[in-house]
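Below is one structure; the comments refer to it alone.
Values reported hereafter were calculated over all heavy atoms of this structure, with side chains retained and with hydrogens, waters and symmetry mates removed. Every number for a ligand or one of its atoms is a count from 1 in the order of the listing. One is the number of the first residue; the rest follow in order along the sequence.
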Amino acid sequence: MAHSRPRRTLLAVAATGVLLASLFSGAGSAQAATTGPCDIYSSGGTPCVAAHSTTRALYGSYTGSLYQVRRASDNATTNIAPLSAGGVANAAAQDSFCSGTSCVITIIYDQSGRGNNLTQAPPGGFNGPASGGYDNLANATAAPISVGGHKAYGVFVAPGTGYRNNHTSGIATGDAAEGMYAIFDGTHYNGGCCFDYGNAETSSRDTGNGHMEAIYFGNIKVWGYGTGNGPWIMADLENGLFSGVNAGYNANDPSIGNRFVTAVIKGQPNHWSIRGGNAQSGSLSTFYSGARPNVSGYNPMHKEGAIILGIGGDNSNGSAGTFYEGVMTSGYPSDATENSVQANVTAAGYATGGGTTTGPTVGSTISLRATTACCTTRYISHSGATVSTQVVSSSSSSAAKSQASWIVRSGLANGSCVSFESKDTAGSYLRHQNFQLYLHANDGSSLFANDATFCPQAGMNGQGNSFMSNNYSTRYIRHYNNNVYIASNGGSNAFDSSTSWSDDVSWVVTAPWTP
Ligand code: AHR
Ligand code: AHR
Ligand code: AHR
């Protein structure tokens, strides 16, 4: 659509001017309004053929929809656009649409004009957990941040979540050259397969070596890995995540855990690269640039041109991560072009905060009071392993008070979230199991860490906080018949009832009954 030559030339000139200006001034949000990453790729002769972001426009002139959300209360949908041409997403529009209920991201629109939108991934070699074997959709409020001082939301991928497009236009196939970058949360990852963004099979099945070329981010070590404990940026080329030319260990691929990570993969005949950096400052480094793996199937490549987000090529969906923006190009971008994109990204001003209500302070001891009218004297309490809400008052026994007191810990599975350790049973945490809350001793497993990690958001009814499950990201801590669950609004269990859902999932963090 909007890619005629005169405009491209104008943008090239504009981009150069802005980049020069940013070099001298340290830049600012003005840059995002005048040129975007895809303008830079276009100037470099390797235009975007897919451009996805829930946080900002990726062309300086883009004013169309960035993404669509659907709310649980009535299944209505709305599109979220940038605040201005080339600008940051209008998160306030989402907040007002989703107020008092929950929302999922249903469509991530392609800004390139090619219609390469991402939607709920269908079943493939593996089924997803949603109806019909589809993957889950992401909770739209789970990854709040700010960009250039404006609140925005990323795409929070809990295991089971995935987006895909198997009918694309303009994406590289066969051995054709392409590039891609994405911005991820470097503190949200896991060792499941495979948190990817990029080129995959159009059948959602593993059709063999070389049928994919996607960015992978996480710390799975089944195929390749680099220095430290991860996470690493690797290339998912199918039946292998490559950290360098050989499978297994490659010393030049470092662990990269910045809060915001820029990850780059690009490939052309018998040549590919891994690059990466901090999306908040500094430049990109090259972690690999060289020949294709010396294993049958990767040279030449057999790219199929589907696009995936948050899953593997065969719809493996055990991985976790957070995506903010990403593009795929036609042609192999030069390092110089990518360096300019990185300058644009750092100038855009990604930051934590997002103007959201913060949760309880890590290290403090607290109690959690229900806000539903029935139950405002009730607090989340345990008796042995059993968790329920109990009425607690100043005249309660000291045992009852300590059973309703919790030490806030950094989330066992996600440092941006929290876990609740029992005040009277050291080493035991609130965790869900079959969607009900229990107090169990930490067994050190990744499952336990996830089951015990909750991400605070503003309370759904306007009071206190709601606590999203880290691994079931459409579920929140909720009381029902005075028992405590992780519940989704209007889901299939009795405790998912939409009646008084927003009250039942809203908790006031109070001073602890037992300090
Ligand atoms: O290459 C790693 C993974 O292996 C792919 O993403 C998936 O399709 C296969 O299971
Ligand atoms: O609570 C949902 C799941 O149930 C938990 O993740 C798991 O521990 C149990 O199987
Ligand atoms: O947990 C107490 C009440 O039980 C909840 O408010 C309501 O949803 C359920 O009936």
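There is no side-chain donor-acceptor pair under 3.5 Å between S388 and H479. Side-chain polar atoms of T371 and N461 form a donor-acceptor pair below 3.5 angstrom. In the model, T453 has no side-chain atom that pairs as donor or acceptor with a side-chain atom of N471 under 3.5 Å. A side-chain N or O of N489 and one of T101 form a donor-acceptor pair less than 3.5 Å apart. No donor-acceptor contact under 3.5 angstrom links the side chains of Q120 and D135, judged on distance only. One side chain, Y332 or S273, offers a donor N or O that lies under 3.5 Å from an acceptor on the other. Between the side chains of N139 and T141, a donor-acceptor pair is found at a separation under 3.5 Å. With hydrogens and angles left out, the side-chain atoms of E304 and H211 include a donor and acceptor closer than 3.5 Å. Side-chain atoms of H52 and Y67 include no donor-acceptor pair closer than 3.5 Å. Between the side chains of D110 and N117, no donor N or O sits under 3.5 Å from an acceptor N or O.
Of all atoms in ligand 3, listed by their number and element, those nearer than 4.0 Å to a heavy atom of C374 are 6 (O). Taking every non-hydrogen atom of T372 and a distance limit under 4.0 Å, the qualifying atoms of ligand 3 come out as 6 (O). Contact atoms of ligand 3 toward H479: 1 (O), 2 (C), 5 (C), 6 (O) (distance under 4.0 Å to a heavy atom of the residue). Every atom of ligand 1 is numbered from 1 in the order shown, and the set under 4.0 Å from a heavy atom of G312 is 6 (O). Residue contact check: Y480 has heavy atoms under 4.0 Å from atoms 1 (O), 4 (O), 8 (O), 9 (C) of ligand 3. Atom numbering of ligand 3 starts at 1 in the shown order; those under 4.0 Å from a heavy atom of N481 are 1 (O), 2 (C), 3 (C), 4 (O), 9 (C), 10 (O). Near S316, meaning under 4.0 Å from any of its heavy atoms, are these atoms of ligand 1: 10 (O).
At least one N/O-N/O distance between G240 and ligand 1 falls below 3.5 Å. Of the N or O atoms in D206, none lie within a sub-3.5 Å distance of an N or O in ligand 1. Ligand 3 has a nitrogen or oxygen under 3.5 angstrom from a nitrogen or oxygen of S500. Below 3.5 Å of separation, one finds an N or O of N239 facing an N or O of ligand 1. At least one N or O atom of G313, backbone or side chain, sits closer than 3.5 Å to an N or O atom of ligand 1.
Residue contacts with ligand 3 for N482 involve both N, CA, C or O and side-chain atoms from C-beta outward (heavy atoms, distance under 4.0 Å). At a heavy-atom distance under 4.0 Å, only side-chain atoms of D504, from C-beta outward, approach ligand 3. Contact annotation for E201 and ligand 1: no heavy atom of the residue comes within less than 4.0 Å of the ligand. Residue-level proximity to ligand 3 for R478 is carried by the side chain, the only part with a heavy atom below 4.0 angstrom. Contacts between A370 and ligand 3 below 4.0 angstrom, taking non-hydrogen atoms only, are absent altogether. Contacts of D236 with ligand 1, taken as heavy-atom pairs under 4.0 Å, involve the side chain alone.
Taking the ring centre of Y429 as origin, the terminal cationic atom of R409 falls outside the region bounded by 6.0 Å and 45° from the ring axis. Note that R431 lies outside the cation-pi zone of Y438, set by a 6.0 Å cut-off to the ring centre and a 45° limit from the axis.
Heavy atoms of W223 come nearer than 4.0 angstrom to ligand 1 in at least one pair. Residue R205 places every heavy atom at 4.0 Å or more from ligand 1.
Under 4.0 Å from any atom of ligand 2, one finds heavy atoms of residues R431, H432, Q433, N434, F435, L447, D451, N471, Y472.
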* To do: Apply the test side-chain contact (heavy atoms from CB on, under 4.5 Å) to residues S330 and E178: give CA-CA distance (whole Å), side-chain angles for both, the deciding distance (0.1 Å), then the verdict.
  => CA-CA 5 Å; S330 172; E178 67 178 345; over 6 Å; no

* Give the intermediate values and the outcome of salt bridge (charged side-chain N to carboxylate O under 4.0 Å, His left out) for residues D504 and R478. => CA-CA 5 Å; D504 291 352; R478 185 241 179 111; 2.8 Å; yes

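The only option from P231, C194, C193 that meets the side chain to side chain contact (heavy atoms under 4.5 Å, CB included) definition with Y216 turns out to be C194. Checking F454, Y476, F420 one by one against F467, the ring pair (Phe, Tyr, Trp, His ring centres under 6.0 Å) holds for a single residue, F420.
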